[in-house]
Each structure stands twice: as C-alpha cells, then as structure tokens.
Amino acid sequence: MATLAAIVGSKVVFAENFPDELEPIGLETNQQDDGIPGKSNQLKILNSKPWNAETPPHLLDDEVTPSHLMFVRNNGIPPTEVDVQNWTLTIDGESVNKPITFGIKELMNDFDHHSYNLTLECGGNGRSEFNPPAKGNQWGLGAVACTKWTGVRLKDILNKVGIKDNAVYIGYYGADTHLTGDPDKVVISRGVPIKKALEDETLIAWAMNDKAIPAMNGYPLRLVIGGWPASVSGKWLTRISVRDKEHDGPKMGGHSYRVPKFPVPPGTKVPDDQMKIIESMPVKSIITYPKTGAVIPKGGTFEVRGNAWAGDLKVTKMEISIDFGVNWTKCELKDPINRLAWQRWSTKVKLPEFGYYEVWARATDEKGVAQPMVLPGWNPKGYLNNASHRIAVRQA
Amino acid sequence: MDDKSLIETAIRQAKKTINIGLMVMVFCLFWFVQNQFYPDLFQGNDNISQLDSLQNDFVEPPMFELDSASIENGIHIPTGLIVDDGVQDVMTTCGACHSLDLVTQNRATEEGWKEIIVWMQETQGLWDLGDREEIIITYLGKNYAPENTGRRKNLENVEWYNL
C-alpha cells in the first residue's frame with residue numbers, strides 16, 4: 001500500500017485526477033455481446049437484467065480471487081455515469097450526533113487505510129439444489145469470492161461523526177436504480193447490528209485487488225462486511241444510516257435474507273414473524289482443483305485442493321472422502337491471510353482401482369460444526385445451502 | 001306592529017348576526033389552524049396518488065410477435081422460453097422489467113407462481129395483470145413446474161477430460 005499512500009499523500013488533494021485505483025475498469029471497455037462489463041466471459045450468467053453471474057468452482061482456484069472472476073449479484077441497475085470527484089458518502093440516522101457528508105478524497109485523506117481479504121458469499125449461494133425449489137436466481141456453487149479490499153474502517157468514520165449510545169444497527173443506501181425505472185424506489189438497503197459494523201474488518205472500500213472496484217461490484221465505493229451474506233455489503237455506496245432500531249430498508253423484512261426461527265419440513269409456509277435475519281454464513285468449502293470430470297490414469301496420484309470458510313469463524317479441519325462418505329481423509333489446511341478470509345486446503349489422492357468416484361469435501365469450523373452431506377434445513381427462499389461439494393472423477 | 005313584536009324582531013336579527021359572526025369566526029379559526037399546523041390535511045396520500053398515476057399512465061407493452069424462424073425444438077431461442085399458449089404474455093409482461101432468464105431458471109406450482117406475482121406486486125412495482133394473470137400462471141405452472149429432486153441429486157452433465 002506504499003504506492004497508494006504515496007499517491008494519496010502527495011497527489012490527490014490538489015490533483016485533478018484520482019489515482020489509478022479509482023479509474024473504473026469495466027466502464028470504459030466496450031460491452032461485448034452478452035458480456036458483463038469487466039467480467040470474464042467464463043462466468044455463468046444467470047440473469048442479464050439485472051446482471052447476475054457466478055464463477056465455476058474450478059476458476060476459484062486462487063487464494064485471492066482475480067477481479068474479473070468475482071461473481072456478480074445485482075438487484076437493480078448499477079449507476080451508468082459515476083462522477084468520482086463529486087461522489088459523496090453521507091452518515092446520518094437517528095443515532096448520529098449530526099449527519100456528515102464526506103467526499104472520497106476526504107475519506108482517503110482523513111482516515112487510516114486498511115486492507116483485508118474478505119470472503120463475500122451471496123446468502124442464496126447453492127439455492128438451485130433446494131427442494132421444493134425456492135424462487136430467485138438459481139445459484140450453484142460460485143456466488144462466492146475472496147478478494148482484497150482497501151479502504152477505511154467504518155468504525156473510524158463513525159467515531160469521527162459521533163454516534164449515540166442508542167445505536168443498534170446500520171443500514172446502507174446505494175446509487176443503483178430499481179428495475180421499474182422508478183427513481184424514488186430503493187432497490188435494496190440492508191445492514192448489520194452496530195457490533196458487526198464496528199469490527200476492524202468492516203470497511204468503506206474504494207479498491208479491490210489494488211484497482212478500482214469493478215463497476216458491477218460497486219464502483220466507486222462499497223461497504224464491505226466479510227462473513228455475512230454479501231447483501232450486507234452495499235454497492236455504489238452513498239449513505240449509511242446509524243439506526244436506533246433494527247434497520248427496516250427494502251430486503252430486510254419479509255422472507256428476504258431470512259430463515260425460519262426453528263427447523264421446518266420442506267415446503268412449509270412460514271409466516272413473516274417466524275423468520276429471523278441471517279447473520280454469519282455457515283461453514284462451507286469448495287473443490288477448486290481438479291475440475292469435475294477428471295479421468296485419472298491408472299495408478300496415478302493427483303492433487304485435490306480448494307477453499308474453505310466459516311462466516312465469522314475459522315475453519316479448523318478439512319477432510320475429503322472418495323467413497324461416498326464412508327472414510328474421510330484429513331487435508332492440509334492453511335490459516336487465513338486475515339480474519340474473515342477463506343483458507344486454502346489441499347491433499348493428494350490415489351484412486352484404488354478402475355471405476356467411478358466422487359470426491360466429497362467437508363469443512364469443520366472452530367466450534368466443531370461441519371458441513372452436511374445432504375441439503376441442510378429447508379427454508380422458503382433457499383438460503384445457506386452449505387452441503388458438501390462433490391466432483392466426479394474416474395480411473396481409466 | 002307593536003313594540004313587543006319590534007323588540008322580538010330586533011332580538012331575532014341580533015341572534016342571526018351573532019350566529020353568522022360565530023360561524024365566520026369558527027371557519028376562520030379552522031382555516032388558520034389547518035393552514036398553520038396541518039398544511040397537508042387535504043393533500044392526497046403520496047403512495048395512493050402514485051398508485052393512481054401508475055395505473056392511469058401504464059400502458060401494457062405491445063404483444064411480442066413470435067417469429068417461427070426463432071423457434072427450435074419448441075424453444076424460443078432469443079429468450080429460452082418454452083413455446084406454448086401464453087408465451088407471448090410472459091415475454092411482454094415479465095420481460096418488461098427483468099430478463100426472462102429469471103423465469104426459465106425457476107420452478108414452481110401455479111400457486112407458487114401466483115405468490116411470486118403477488119410478491120412482485122407488493123414490493124417490486126408490478127402492475128395488476130388483469131386477464132393476463134390467469135394465462136401467465138397457467139403457462140408457468142405447466143411449463144415450469146417443480147420436480148422432486150430429493151435431498152441430493154446425482155452429479156449430472158459431467159464433461160470427462162484426461163487430467
């Protein structure tokens with residue numbers, strides 16, 4: 001971050017232009033047919049209006065996900081013209097002493113910069129497996145990424161603004177517009193309890209992987225909160241309200257990002273008041289190598305590797321099985337780069353004889369909670385599917 | 001006219017004047033209070049006005065024409081929709097706001113599709129579908145019905161390659 005500090009320290013205050021980090025990628029490139037600005041055409045597009053696309057698991061084979069491979073989950077239409085020079089962030093709400101508005105330059109100049117690798121996973125990742133099915137984008141495995149985010153801590157900003165003792169929640173607002181084109185209709189406005197908001201890793205970020213945030217992931221400013229459904233990380237951020245009650249913006253209530261308070265049989269109609277807000281995401285892992293469908297030469301040994309994460313917690317054990325869960329082999333598991341980053345794991349596998357196999361992966365978190373082999377508890381909107389990832393392999 | 005009746009008439013006149021005066025004062029007081037403290041007392045509720053204008057202004061998009069050249073194996077290639085009765089209503093109505101991928105990737109019973117429509121009407125600004133609703137729900141319930149996939153499916157569509 002030395003370069004960023006140098007740029008910010010010596011140039012930004014008076015310069016006409018922002019550093020490279022704030023030059024948009026994706027906006028300037030001509031949009032290709034059926035392509036998402038700034039994104040690899042290898043992403044699987046689930047929806048073109050609004051853009052929603054996921055990453056095939058074998059392309060998530062990095063500790064730090066490259067920007068063009070990070071999934072896209074949009075609820076509305078991203079702002080088309082972004083004026084970085086005049087972009088502002090307002091902190092308001094019942095529980096601030098006085099609302100304050102900051103320009104991006106002020107954020108960069110007035111607060112310490114921090115970088116964290118943060119795992120962002122869509123609450124509905126894995127929805128496609130639910131039975132009975134749940135409505136919405138039918139995510140497979142790839143609505144997850146772990147990228148490096150750079151910005152300032154929300155807690156530093158809130159300290160400067162001054163918040164009252166009665167603060168219980170924050171809620172964000174962004175510059176995206178509703179699909180109906182109604183300029184007054186808020187697309188999505190979610191948030192987290194004040195305790196989560198004040199964690200060190202909760203950032204107001206202007207850079208992802210040391211470059212401007214991709215247009216589809218929130219350029220030029222994003223609230224990033226690792227470990228919780230990625231919908232709490234508000235994109236195209238313009239405002240954060242510090243609330244004296246649970247935030248009540250669109251997609252905080254009803255069935256949105258909520259699950260039943262107690263386990264229910266699949267297909268149950270659950271009344272709104274029996275639902276609770278999803279907080280930390282559950283323990284989960286993916287196999288990023290090999291890609292499913294590998295045919296292994298007779299007697300060959302191959303590496304199996306991937307990523308594991310556990311919301312607010314750390315993953316403490318990683319295992320795989322090649323016999324449909326009868327026997328489990330412990331894998332090597334790295335520590336996260338920082339809290340709330342996913343962890344790399346790997347092991348060597350030798351198949352015993354000719355035939356069809358599945359490699360199943362299972363992570364266990366620091367509280368001893370492991371991934372299920374089948375779908376976890378059914379919920380009406382199909383959230384939190386952390387069933388074990390399986391790939392097919394064959395020995396020739 | 002005797003004095004008595006003259007006095008009575010005078011009293012009646014006085015009462016009338018006082019009454020009218022009082023009425024005028026009450027009205028003035030009301031007008032003052034409303035203007036000063038409740039200026040929007042007679043304003044329409046914004047939400048309701050908006051709904052009204054939405055319904056008045058909204059013109060249903062023209063019916064999409066199906067071009068037989070764009071249909072292969074019963075699928076309308078540009079949208080991916082199954083060609084069946086009601087497909088044009090689905091294209092024009094659902095496609096007005098979001099891509100039709102959102103239709104083709106979802107599965108629900110007629111009751112489930114109805115709930116999705118109601119949810120979009122309550123929260124996402126979808127208008128009253130009128131006669132089209134039944135056609136659309138029938139089409140979706142028939143062509144995009146759920147299948148029982150159990151608690152876990154077999155791994156499907158595996159593309160084998162040599163590692």
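So that the names make sense, note that chain A is the first sequence line, chain B the second, and so on, each numbered from 1. All values below were derived from every heavy atom in this structure, side-chain atoms included, with hydrogens, water molecules and symmetry-related copies excluded.
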Kindly give the heavy-atom pair with the smallest separation between B:G150 and A:L375, and that separation in Å. O-CD1, 4.5 Å
Salt bridge (Lys or Arg N to Asp or Glu O under 4.0 Å): which pairs involve residues 150-163 of chain B, sequence neighbours left out? A:E129-B:R152
A:V295 versus B:L163: any side-chain heavy-atom pair under 4.5 Å? no
Note: vs chain B, highest number of non-hydrogen pairs under 4.5 angstrom among A:P132, A:G300, A:A387 is A:A387
Flag yes if more than 12 heavy atoms outside B:N154 fall under 6.0 Å of its CG atom; otherwise flag no. no
Contact class of A:R394 relative to chain B, heavy atoms under 4.5 angstrom: both
Part of A:K251 within contact of chain B (heavy atom distance under 4.5 Å): side chain
For the candidates A:V374, A:V187, A:I391, A:I296, which exhibits the highest count of non-hydrogen atom pairs separated by less than 4.5 Å from chain B? A:V374
Residues forming a ring pair (Phe, Tyr, Trp, His ring centres under 6.0 Å) with A:Y289, sequence neighbours excluded: none
If contact means a heavy atom pair closer than 4.5 Å, which residues of residues 117-124 of chain B contact chain A? B:W119, B:T123, B:Q124
Give a yes or no on this: more than 12 heavy atoms of other residues, nucleotides or ligands lie within 6.0 Å of atom CD of A:E303. yes
Contact part of A:K135 toward chain B, heavy-atom cut-off under 4.5 Å: side chain, backbone, both or neither? both
A:A134 versus chain B, heavy atoms under 4.5 Å apart: side chain, backbone, both or neither? backbone
How about B:N73: does its CG atom have over 12 heavy atoms from other parts shown lying under 6.0 Å from it? no
CG on A:N47 to CD on B:Q105, rounded to 0.5 Å: 6.0 Å
Should we say atom NZ of A:K185 is surrounded by more than 12 heavy atoms from elsewhere, each under 6.0 Å from it? yes
B:N19, CG: over 12 other non-hydrogen atoms inside 6.0 angstrom: yes
So, for A:A294 and B:W160, which heavy atoms are closest and what is the spacing to 0.1 Å? O-CZ3, 3.9 Å
Side chain, backbone, both or neither: which part of A:P266 has a heavy atom under 4.5 Å from chain B? side chain
Looking at B:C97, is its backbone amide N or carbonyl O close enough to the side chain of A:K49 to form a donor-acceptor pair, meaning the two atoms are under 3.5 Å apart? yes
Just jot down the side chain to side chain donor-acceptor pair (under 3.5 Å) partners of B:E115, sequence neighbours excluded, or say none. A:K269
Taking the side chain as C-beta and beyond, is there a heavy-atom pair between A:L46 and B:D101 under 4.5 Å? no
Check whether any side-chain heavy atom of B:L155 lies under 4.5 Å from a side-chain heavy atom of A:Y356, and answer yes or no. yes
Taking every heavy atom of A:P290 against every heavy atom of B:Y161, the minimum-distance pair comes out as CB-OH, 3.6 Å
So which residue, A:G136, A:P50, A:G181, ends up with the most heavy-atom pairs under 4.5 Å with chain B? A:G136
Sort A:P376 into side chain, backbone, both or neither according to what part of it lies under 4.5 angstrom from a heavy atom of chain B. backbone
